[in-house]
Amino acid sequence: MRRSTGGSRLHSVYEILFSGFGPQGWWPARTSFEVAVGAILTQNAAWSNVEKAIANLESEGLLLPDAMRGVSEKRLARLIRPSGYFNIKAKKLKAFVNFMFDEFGGDLKAMREDGLKELRSKLLSVWGVGPETADSILLYALEKPSFVVDAYTKRLFCRLGVLDGSESYDEVKRLFEENLPKSVELYNEYHALIVEQCKRACLKSRPRCGECLLRAYCRFKPSSSPTRPRP
DNA sequence: GCCCAGGTGGGTA
DNA sequence: TACCCACATGGG
């Protein structure tokens, strides 16, 4: 990881993204529980498919912890089918809801009482919750300052020359958290902006992700010399 | 018809 | 530790 130059560039990249796209207003959900459900359903899936699965759950009144706890795994799987991997994800949703009840009486508000480090560790112990899902729940559902790293984050910052692609999830997370103010609002907006940037840039040609940002970076900081994208 | 998407867990060497 | 693979739908 090119830490010596990468850290200071994180601020500039954020400013370019924010000035280009504006506030993103994430996460697109009505309740914290819906955020957590969405975080699990979006694993390796397109958000448009997740929306269909969430709409199905909503129409059946299952976007409530109690209701989801009571529904059969089979029925749950049928309803979330559009999000893909529906059998696995139904198990994951069940595991998460059981965890909520076992540890916090089914109340997400009670989860907020825990410290960030302890809570992240507990979430990672839930079957089906990996680091990205845990951080998404922490940041977007529980409003804890935990930076979310995803495939877009790695792809974009590799293109920008900040990462070389060999970094682990925790290394990338640490790079952002050590070089940015510990702010829920900032982490929320930054991750959402990265996703927005990549979705736009990747719409027609995924390998070129980051090119638009690189051009903006050159305009924004003409004195700097960002790493050239690989051919 | 082919490729890929906002991952994760389990198996194997 | 580091790979490899299964899990699956829907849109471009």
Side-chain angles (χ1 to χ4, degrees), chain A residues 13-14 17 21 24-29 32 34-57 73-99 120-142 144 146-160 163-173 175-176 186-210 213:
Chain A
V13 170
Y14 176 79
L17 290 173
F21 301 135
Q24 298 298 299
W26 270 32
W27 185 292
S32 295
E34 187 181 330
V35 173
V37 169
I40 290 169
L41 294 181
T42 199
Q43 291 174 3
N44 211 32
W47 182 253
S48 55
N49 290 343
V50 175
E51 283 178 323
K52 289 171 192 163
I54 288 179
N56 288 345
L57 294 174
E73 197 175 296
K74 195 175 171 184
R75 183 168 169 229
L76 191 55
R78 201 162 53 237
L79 290 167
I80 64 170
R81 192 182 174 93
S83 72
Y85 304 119
F86 49 86
N87 289 318
I88 292 284
K89 286 178 181 175
K91 278 191 206 307
K92 291 178 178 181
L93 287 175
K94 278 290 187 181
F96 178 73
V97 171
N98 288 335
F99 160 76
R120 187 169 194 268
S121 173
K122 283 184 183 174
L123 282 168
L124 288 173
S125 74
V126 179
W127 188 86
V129 176
E132 181 183 337
T133 306
D135 289 329
S136 295
I137 292 171
L138 286 166
L139 182 63
Y140 292 105
L142 304 174
K144 301 275 186 184
S146 196
F147 200 88
V148 180
V149 175
D150 62 1
Y152 285 155
T153 312
K154 289 178 184 166
R155 197 180 303 156
L156 178 58
F157 285 88
C158 279
R159 293 291 294 176
L160 293 174
L163 303 174
D164 62 29
S166 67
E167 298 84 356
S168 68
Y169 183 99
D170 286 333
E171 283 175 324
V172 179
K173 179 180 171 67
L175 176 72
F176 279 84
L186 177 64
Y187 289 2
N188 177 324
E189 206 60 67
Y190 208 153
H191 176 69
L193 286 165
I194 289 167
V195 174
E196 179 64 16
Q197 153 69 22
C198 284
K199 278 187 174 166
R200 292 190 187 211
C202 299
L203 215 53
K204 290 179 180 171
S205 179
R206 196 165 66 88
R208 294 178 71 78
C209 180
L213 182 60

Between [N] atom [atom2] and [X] atom [atom1], what is the distance in whole Å?
X: A/I80; N: C/dG10; atom1: CD1; atom2: P; answer: 12 Å
X: A/I88; N: B/dG9; atom1: CD1; atom2: P; answer: 10 Å
X: A/L93; N: B/dG9; atom1: CG; atom2: C1'; answer: 16 Å
X: A/E51; N: C/dT9; atom1: CD; atom2: P; answer: 19 Å
X: A/F86; N: C/dT9; atom1: CZ; atom2: P; answer: 5 Å
X: A/K199; N: C/dG11; atom1: NZ; atom2: C1'; answer: 13 Å

Pairwise 5' ranking along DNA chain C for A/S48 and A/Y85, keeping only the more 5' one: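 Nearer the 5' end of the strand: A/Y85.
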Of A/K52 and A/A45, the one whose closest DNA chain C nucleotide lies more 5': A/A45
Checking all strands, does [X] fall into the base, sugar-phosphate, or nothing category for heavy-atom contacts under 4.0 angstrom?
X: A/V148; value: nothing
X: A/V149; value: nothing
X: A/K89; value: nothing

Atom pair CG/OH of A/L138 and A/Y187 - distance to nearest 0.5 Å: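 Between atom CG of A/L138 and atom OH of A/Y187 there are 12.5 Å.
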Interatomic distance, A/Q43 atom CD to A/K89 atom NZ [nearest 0.5 angstrom]: 6.5 Å
A/R159 with A/D164: basic N within carboxylate O range, under 4.0 Å: no
Whether A/F176 and A/F147 hold their rings parallel, tilted or perpendicular, with breakpoints at 30° and 60°: parallel
Shortest side-chain distance from A/T133, nucleotide among B/dT8, C/dG11, C/dC7: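 Closest nucleotide to the A/T133 side chain: B/dT8.
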Closest listed nucleotide, where the reference is the side chain of A/P82 and the choices are B/dG7, C/dT9, B/dA5: C/dT9
Base-pairing assignment for C/dC4 (Watson-Crick or G-U wobble, both under 3.5 Å):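 Because both required distances fall under 3.5 Å, C/dC4 counts as paired with B/dG10.
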C/dG10 - base-pair partner by Watson-Crick or wobble geometry, distances under 3.5 Å: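 Answer to the pairing question: B/dC4, which forms a Watson-Crick or G-U pair with C/dG10.
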Student check: side-chain heavy atoms of A/P131 and A/K173 closer than 4.5 Å: no
